[in-house]
**Student:** 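What follows is a structure written as structure tokens; I'll ask about it next.
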Amino acid sequence: MDYKELALELHKNNIVVDSHLDLAGEIYNRNRAGEKEIIKNHYLESFKKGGFNLIISSLYIDDLFLPEMALRIALGQIRALIEDVESCHGEVMLVKSREDLNKAVNEDKIGIIISFEGLEPIGSDIGLLRIFYELGVRAAGLVWSRRNYVADGCSFFPVEEGQRGGLTRFGVKVVNKMEEMNMLIDVSHLNDEGFLDVLKYTKKPFIASHSNSRTIHGSMRNLSDEHIRAIADRNGVIGINAIKSIAGVKDGEDPIRKLADHIEYIVNLAGAHHVGYGFDLCNGYYKSELKYKFATNNSDSLSSHDEAVLLTEELLRRGISKEDCILIIGGNFLRIFNNILA
């Protein structure tokens, strides 16, 4: 069997989703440096080659700007993303509703859904959730790997720290409000205590947009077997993270095979309906940040989105069925967003 040709066919003829990309932040940073048309010049070709229909763009605020600038920068990132989408002349669109999602899929456009990566921009004002919803935000990672008013983030590896907490009193109100508003809850970067609280205080499916298996690689950024089963029991989805340090890619190791190890493990543990692609490709974002302007970075297992086909090829080679691969490359996250976008 020609696995490469089959992978290309699957990406061409089925829905392909990346559930985490710091796109809005990169556009905002590049705009500050005087650059325009970021999606068109840096991403559109690779999105098309990879067959991507839907990208989840995060709003991430660097530590440097916390707490005072979080709200302002989040609004700036949304503004920058909207203007950049408009510069694509109809090839890319923001997705705010199920109708938008269907339009993006049926008219062969690339849909962008906005999500928080850490709720620092709302501070302790739950009313701001409604404002961001009106601006198009449809999902939220509750935390990045730090503490905010909602919860505690996890460290990447063991660190010296004081007592950790789960969801705060405010955090419980936030997840309840998000479910009421049909905003999707994302537990990537949340610590174990917070994960258990999300299970306790919510009822709907939730996701881990860019997290891997802790059994395959023991970073606290990854999910334990119990976490994976819990997400599956809620009919949620886990997006596989392609950052080498989170996937556990060692020097000289084939990163595609390592990503496939994580996916294969989750498929065997919880089923093919609960895993997808959430690559978190960061090289472009690092290049856009002023503090990294003269530095090189090679954190990503994939050089661009079109290389996602190589991962699908590896999954097929390992015996994962064509039908299951269709779910993994995008069908599972399409299901989630069809349900949440009321």
Side-chain angles (χ1 to χ4, degrees), residues 8 11-60 62 73-97 99-115 117 135-139 209-210 239 242 277-290 292-293 296-310 329-330 333-334 337:
L8 287 168
H11 279 248
K12 180 180 178 181
N13 297 324
N14 297 281
I15 303 302
V16 186
V17 179
D18 181 358
S19 62
H20 189 86
L21 178 66
D22 293 322
L23 183 60
E26 181 178 344
I27 293 169
Y28 178 78
N29 290 342
R30 289 185 184 273
N31 284 177
R32 290 172 63 207
E35 190 177 351
K36 301 294 183 184
E37 298 187 340
I38 312 308
I39 297 174
K40 180 179 177 181
N41 294 329
H42 293 278
Y43 285 99
L44 192 56
E45 183 179 357
S46 66
F47 286 163
K48 289 179 177 180
K49 285 183 177 178
F52 281 85
N53 307 91
L54 187 63
I55 304 292
I56 315 306
S57 171
S58 66
L59 305 174
Y60 167 72
D62 192 274
I73 290 178
L75 294 173
Q77 288 182 6
I78 293 173
R79 184 270 309 158
L81 179 62
I82 290 171
E83 292 179 357
D84 208 78
V85 167
E86 290 173 349
S87 76
C88 293
H89 306 295
E91 293 188 275
V92 182
M93 62 178 287
L94 291 178
V95 171
K96 302 179 182 180
S97 65
E99 289 74 22
D100 289 342
L101 184 59
N102 290 335
K103 181 178 180 179
V105 170
N106 295 330
E107 298 183 13
D108 198 27
K109 299 176 184 290
I110 296 167
I112 308 288
I113 294 178
I114 306 175
S115 176
E117 186 172 20
L135 293 174
V137 180
R138 292 295 181 268
S209 64
H210 56 304
Y277 292 166
F279 293 132
D280 193 19
L281 301 184
C282 286
N283 286 349
Y285 180 82
Y286 287 143
K287 291 174 184 176
S288 78
E289 280 200 297
L290 296 179
Y292 292 115
K293 190 171 183 179
T296 58
N297 189 283
N298 187 28
S299 69
D300 297 337
S301 297
L302 309 177
S303 64
S304 60
H305 279 82
D306 49 292
E307 286 195 350
V309 175
L310 301 177
I329 67 176
F333 276 116
L334 181 66
F337 280 101

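Sequence positions, counted from 1, serve as the residue numbers for this chain.
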**Student:** Identify, with sequence neighbours excluded, every residue that meets ring pair (Phe, Tyr, Trp, His ring centres under 6.0 Å) alongside Tyr28.
**Tutor:**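 Scan of Tyr28 (ring pair (Phe, Tyr, Trp, His ring centres under 6.0 Å), adjacent residues dropped) gives none.
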**Student:** Tell me, which pairs form a salt bridge (charged side-chain N to carboxylate O under 4.0 Å, His left out) where one or both residues lie in residues 84-94, sequence neighbours left out?
**Tutor:**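 Found Lys48-Glu91.
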**Student:** Could you give me the CA-CA distance, side-chain angles and deciding distance for Ser58 and His20, then say whether side chain to side chain contact (heavy atoms under 4.5 Å, CB included) is met?
**Tutor:** CA-CA 7 Å; Ser58 66; His20 189 86; 3.5 Å; yes
**Student:** Please determine whether side chain to side chain contact (heavy atoms under 4.5 Å, CB included) holds for the pair Leu59 and Leu81, giving the CA-CA distance in whole Å, both sets of side-chain angles, and the decisive distance to 0.1 Å.
**Tutor:** CA-CA 10 Å; Leu59 305 174; Leu81 179 62; 5.8 Å; no
**Student:** Can you measure from CD1 (Ile56) to NE2 (His210) and round to the nearest 0.5 angstrom?
**Tutor:**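 Interatomic distance, Ile56 CD1 to His210 NE2, rounded to 0.5 Å: 12.5 Å.
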**Student:** Going by heavy atoms in the side chains, are Leu54 and Phe52 under 4.5 Å from each other?
**Tutor:**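 No; the side chains remain at least 4.5 Å from each other.
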**Student:** Are any of the side-chain heavy atoms of Leu135 and Leu75 separated by less than 4.5 Å?
**Tutor:**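 With C-beta onward as the side chain, the pair touches.
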**Student:** List the steps and the verdict of side chain to side chain contact (heavy atoms under 4.5 Å, CB included) for Ile110 and Met93.
**Tutor:** CA-CA 6 Å; Ile110 296 167; Met93 62 178 287; over 6 Å; no
**Student:** In Å and rounded to the nearest 0.5 Å, what is the OG to CG distance from Ser304 to Leu281?
**Tutor:**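 Spacing of OG (Ser304) from CG (Leu281) equals 8.0 Å.
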**Student:** So do His305 and Asp18 actually touch side chain to side chain, heavy atoms under 4.5 Å?
**Tutor:**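 Yes, their side chains come closer than 4.5 Å.
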**Student:** So, for Ser57 and Ile112, which heavy atoms are closest and what is the spacing to 0.1 Å?
**Tutor:**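 Taking Ser57 first and Ile112 second, the nearest heavy atoms are CB-CG2, 3.8 Å.
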**Student:** Can a side-chain donor-acceptor contact be found between Glu26 and Tyr43 if the only test is distance below 3.5 angstrom?
**Tutor:**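 Checked: Tyr43/Glu26 side chains pair up, N/O donor to acceptor below 3.5 Å.
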**Student:** List the residues meeting side chain to side chain donor-acceptor pair (under 3.5 Å) with Asn53, not counting sequence neighbours, and say none if there are none.
**Tutor:**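 Expected list: none.
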**Student:** To the nearest 0.5 Å, what is the distance between CG (Leu101) and CZ (Arg138)?
**Tutor:**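 Spacing of CG (Leu101) from CZ (Arg138) equals 12.0 Å.
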**Student:** Run the numbers on Val17 and Ile329 for side chain to side chain contact (heavy atoms under 4.5 Å, CB included), then give the verdict.
**Tutor:** CA-CA 6 Å; Val17 179; Ile329 67 176; over 6 Å; no
**Student:** In plain terms, say whether Glu45 and Lys49 are close enough for a salt bridge, that is, a side-chain N and a carboxylate O under 4.0 Å apart.
**Tutor:**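 Salt bridge present between Glu45 and Lys49.
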**Student:** To the nearest 0.5 Å, how far apart are CG in Leu21 and CZ in Phe47?
**Tutor:**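 Output value for this atom pair is 5.5 Å.
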